[in-house]
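All remarks here apply to the structure that follows.
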Amino acid sequence: GPMPRGLVFVLMRQVLDGLIAAHERGIIHSDVKPGNVMVTASGALPHAKMLDFGISRSRTKSSDETVSDRPPAIVGTVPYIAPEVFDTGEYEHRSDLFCWGLMFVECLLGEQPIQEKSMIALGARYLSQPGSVLPAPFDSLELNQFFDKLLASEPDHRFTHGAEVLSALDVLSQALGV
């Protein structure tokens, strides 16, 4: 079921911080999903850590070109694949942030926001339902606005970088009293 909102915000902020650190080093995770997050309790507070960078991609510091000996391909876990990957086969930092947003929603709702189980069904959903993939509105205008921007189908309509998401998350946390 749904996790307590305060705990979700703490854990997802930690995961976001890990993604920002990877992105700053030119690494795109490419498989952000709950199964690749480990939560440990070594002390009074839980700590979330990103795992499994096995299909990650590197980007050069001077461009957005992927540095890889692999051809572009749709890899990752359905339903945690960003819409733009179906167009290009390429992941970018905004793809990771999109999938982070899906995990965030899942923690708050207690179920996956996207239920499609196959690549074909997921791709068809993205083509037939442009806009935000937020399944249903939350009880908060601020929360809805945050996720509408985070989960926009078009990468250009999303937050630009993880630091921008982190700043918006801090504002959202204050607005919700979390």
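What you see below is based on every heavy atom in this structure, not just the backbone, and it leaves out hydrogens, waters and symmetry mates. Heads up: numbering here begins at 1 and tracks the sequence.
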His47, NE2 atom: more than 12 neighbouring heavy atoms under 6.0 Å: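 Yes, NE2 of His47 has more than 12 neighbouring heavy atoms, counting only those of other groups under 6.0 Å.
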Neighbour count >12 (heavy atoms, 6.0 Å) for atom CD, Glu164: yes
Joint hydrophobic cluster, [X] plus [Y], side-chain heavy atoms closer than 4.5 Å:
{"X": "Phe147", "Y": "Leu7", "value": "yes"}
{"X": "Val8", "Y": "Val39", "value": "yes"}
{"X": "Leu97", "Y": "Leu166", "value": "yes"}
{"X": "Met3", "Y": "Met50", "value": "yes"}

Among Leu141, Asp148, Leu143, side chain to side chain contact (heavy atoms under 4.5 Å, CB included) partner for Gln145: Leu141
All side chain to side chain donor-acceptor pair (under 3.5 Å) counterparts of Asp170, not counting sequence neighbours: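 With neighbours one apart ignored, the set is Arg13.
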Identify the heavy atoms of [X] and [Y] that sit nearest to each other, and give their distance.
{"X": "Phe138", "Y": "Asn144", "value": "N-OD1, 2.6 Å"}
{"X": "Phe98", "Y": "Ile81", "value": "CE2-O, 4.1 Å"}
{"X": "Glu84", "Y": "Arg94", "value": "OE2-C, 4.2 Å"}
{"X": "Asp31", "Y": "Asn36", "value": "O-ND2, 2.8 Å"}
{"X": "Met103", "Y": "Pro34", "value": "SD-N, 3.2 Å"}
{"X": "Leu150", "Y": "Gly101", "value": "CD2-CA, 3.3 Å"}

Check: His161 and His23 side chains under 4.5 Å, non-hydrogen atoms: no
Contact check, side chains of Ser95 and Ile28, non-hydrogen atoms, under 4.5 Å: no
Residues Asp96 and Lys33 bridged, charged N to O under 4.0 Å: no
